[in-house]
Number of protein chains: 2
Amino acid sequence: MSEPLVASRTALDALLEDLEACDGLDGMRLVMRRLRDHFAVRHMAYLWLDATGLQSACDTYSEAWRTRYLDHLYLRVDPVVTGCYQRFRPVDWKRLDWSSRAARAFQADALAHGLGSQGFSVPIHGPHGQFALFSANDGRDDDAWARFSAAHGRDLILLAHFLHRKAIEIEPERRPETGQALSPREIDAMTMLAMGHSRAQVASALSISEHTLRVYIEGARFKLGAMNTTHAVARAIGRGLIVV
Amino acid sequence: MSEPLVASRTALDALLEDLEACDGLDGMRLVMRRLRDHFAVRHMAYLWLDATGLQSACDTYSEAWRTRYLDHLYLRVDPVVTGCYQRFRPVDWKRLDWSSRAARAFQADALAHGLGSQGFSVPIHGPHGQFALFSANDGRDDDAWARFSAAHGRDLILLAHFLHRKAIEIEPERRPETGQALSPREIDAMTMLAMGHSRAQVASALSISEHTLRVYIEGARFKLGAMNTTHAVARAIGRGLIVV
DNA sequence: TTCCCCCTCCCCAGAAATGGCGGGGCGCGC
DNA sequence: GCGCGCCCCGCCATTTCTGGGGAGGGGGAA
C-alpha cells in the first residue's frame with residue numbers, strides 16, 4: 001500500500017512536542033510544513049476565524065491562493081468553513097454541500113490554484129465562540145483518501161487541539177479578561193434575562209419587586225462595565241459568568 | 001514506577017472503538033468504568049452542561065455524591081466547572097481558584113464523599129456554545145499525579161473528543177436548534193447590540209435608518225425564536241452566530 | 001420568468017426599560 | 001463599632017424599545 005503507515009506513537013509525539021516548543025506564527029508555519037511532509041499530503045492549513053473574517057492563519061497554500069481567497073471573500077462561500085462551523089465531528093470534504101453555484105465556482109477556482117479535490121477538516125471550537133479549522137488536502141483518489149482518513153483521523157484531531165492551543169498562546173490579547181464576580185441574585189437576574197424574560201417576569205419568578213430586580217440589573221451592569229442590559233447579558237455570557 | 005505505562009496505541013484504539021460502538025447512555029457508563037480501570041484512577045466523569053444545569057452525565061461517582069452535587073447546586077460553585085468554562089487547555093485541579101469560601105466548602109464535601117484531592121479535566125467546546133467536561137480524579141500525591149497527567153494527557157484529550165461525539169449522537173433532540181443562519185446585516189445588528197450600542201447608535205454606525213435596523217433586529221429575533229432583543233443577542237452568542 | 005429573500009425606508013401608539021430620588025435590615029471582616 | 005456588600009422596597013419622569021401597519025428595488029435559485 002502506498003499510503004504512509006499509521007503514525008507511530010513516538011512520531012506523533014515528536015510532532016506535538018515540536019509544536020508546543022515552537023515560537024510564534026513563523027514557528028507554526030515551519031511545523032505545518034513538517035506536518036505536510038510527514039503525512040505526505042499536498043496541503044495542510046490551520047485557520048482561525050472570527051466574526052470579522054480571518055483572525056490568524058498558518059498554511060502551506062500558495063501566496064496566490066491565499067490572497068485570492070481573501071479578495072474573493074471565499075470565507076463566506078467555502079463549504080468547508082460554513083459546513084464545519086456548526087459541526088463537532090471532523091468531516092470529509094466530499095460530505096459537505098457543494099451544490100450552490102458559488103460553492104462550485106469556488107471549488108473550480110481552488111483546483112485551478114493547485115489544491116487537490118480531497119480534503120479532511122477538523123473543526124475546533126473554543127470558549128467565547130472561538131472557531132478554527134485544521135484541514136488536510138490532497139489529490140489522491142477516493143479509496144486512498146478514505147484509507148488516509150481512517151489511518152490518521154485521530155492524529156489530526158489531536159494536532160488540531162494543539163495547533164489551536166498554540167494559536168491562543170500567540171494571541172494573548174484574545175485571552176479572557178478577569179472581571180468582578182456577580183452576586184448570586186445578580187446571576188439569577190442575568191440568567192433569566194438571557195432566557196428572554198422581561199423584568200416583570202423575572203421579578204415575579206424571583207418573588208421580589210421589580211424595583212429590587214432593577215437594583216440587581218444595575219449592579220450587574222456596573223460591575224460588567226456595560227452600557228445597557230443587553231450589553232451586560234452579552235458580557236456575562238462572554239465571560240462565562242452565566243451559561244446559556 | 002507504580003503508574004501505568006504510557007497507553008499503547010492499540011489499547012487506546014480499543015477503548016475508542018468500544019466507545020464508538022457502544023449504545024446509549026448505559027453503554028457510555030460501561031465504557032466509563034472500563035476507562036477508570038484502564039487508567040487506574042478513583043473516578044472518571046463526563047458532564048455535559050447547560051443553562052438549566054446538567055444536561056447529561058456519565059460518571060463513576062457514588063449516587064450519594066451525584067444527588068448531593070445537584071441538590072446543593074454545586075454546578076454554580078465547583079471551580080472545575082467555572083474554571084474550565086473559559087478555558088481551552090486541559091487543566092490540573094490544583095491550578096484552579098479554590099480561594100472562595102463556597103469553593104472550600106465544596107472541596108471538603110467532595111473529599112468526604114470519596115473523591116480524591118487530585119484531578120485533571122479536559123474542557124470540551126462544541127458548536128452553539130456547547131460545553132462539556134471530562135475529568136479524572138484520584139487520591140495519589142502531587143508527584144505521582146504530575147506523572148499521570150504527563151503520561152495520559154493526550155489520551156484524555158482524545159477520549160474527551162470521542163465522548164462528546166457520542167453524547168451528541170445520543171441526544172439528537174439537542175441538534176434541532178434549527179440553526180437558521182442570520183443575514184449579514186442581521187449579524188451586524190446583533191453584534192453591535194451585543195457591544196452595548198443603542199438602536200440609534202447602531203443605525204447611524206451602519207448608515208441606515210433606525211427603522212431599517214428594526215427590521216433586522218425583528219428578523220433576527222424571529223429566526224432565533226427570541227422573545228426580545230436581549231434574548232436574541234444571548235441566543236446568537238450561545239449559538240456562535242456572533243462573537244463577543 | 002417567477003418566487004423568495006435581502007436590503008432599504010416611513011408612521012403611529014403602547015409597552016418596557018432607564019435614571020434618579022428616597023427608605024430599611026442582615027451578616028461579614030477590620 | 002463601623003464600613004461594606006448584599007438583600008429588599010417605594011415613586012417620579014424620561015428615554016428607548018416593541019408591535020402593528022405600509023412601500024419599493026435588487027439578486028440569486030428553481
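Computed over heavy atoms, backbone and side chain alike; hydrogens, waters and symmetry mates excluded. Just so we're on the same page: letters track the sequence lines, and every chain starts at 1.
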Treating primed atoms plus P, OP1 and OP2 as sugar-phosphate and everything else as base, which nucleotides of nucleotides 6-16 of chain D get B, S or - for protein heavy atoms under 4.0 Å? SSBBBB-----
Report the distance from atom CZ of A:Arg104 to atom P of D:dG28, rounded to the nearest whole Å. 14 Å
Answer yes if the side chains of A:Tyr69 and A:Asp78 hold a donor-acceptor pair under 3.5 Å, and no otherwise. yes
Carefully, step by step, assess B:His164 and B:Gln130 under the rule side-chain hydrogen bond (donor to acceptor under 3.5 Å, both in side chains). CA-CA 10 Å; B:His164 191 60; B:Gln130 282 174 3; 3.0 Å; yes
B:Glu218 CD to C:dC7 C1': how many Å, rounded? 15 Å
Under the criterion side-chain contact (heavy atoms from CB on, under 4.5 Å), which of A:Phe148, A:Phe39, A:Trp145 is the partner of A:Asp138? A:Trp145
Less than 6.0 angstrom separating the ring centers of A:Phe88 and B:His161, yes or no? yes
Atom-pair distance (CZ on A:Phe222; P on C:dG20), nearest Å: 13 Å
Whole angstroms only, please: what is the CG-P distance between A:Asn228 and C:dA16? 18 Å
With salt bridge (charged side-chain N to carboxylate O under 4.0 Å, His left out) as the test, pick out the partner of A:Asp92 among A:Lys94, A:Arg95, A:Arg89. A:Lys94
Using whole Å, report how far CD1 of B:Ile217 lies from P of C:dT8. 13 Å
Distance, rounded to the nearest Å, where B:Asp188 contributes CG and C:dT8 contributes C1': 14 Å
When the distance from CH2 of A:Trp98 to C1' of D:dA29 is rounded to whole Å, what number comes out? 20 Å
Determine, for B:Tyr61 and B:Arg68, whether the Lys NZ or Arg CZ falls below 6.0 Å from the six-membered ring centre while staying within 45 degrees of the axis. no
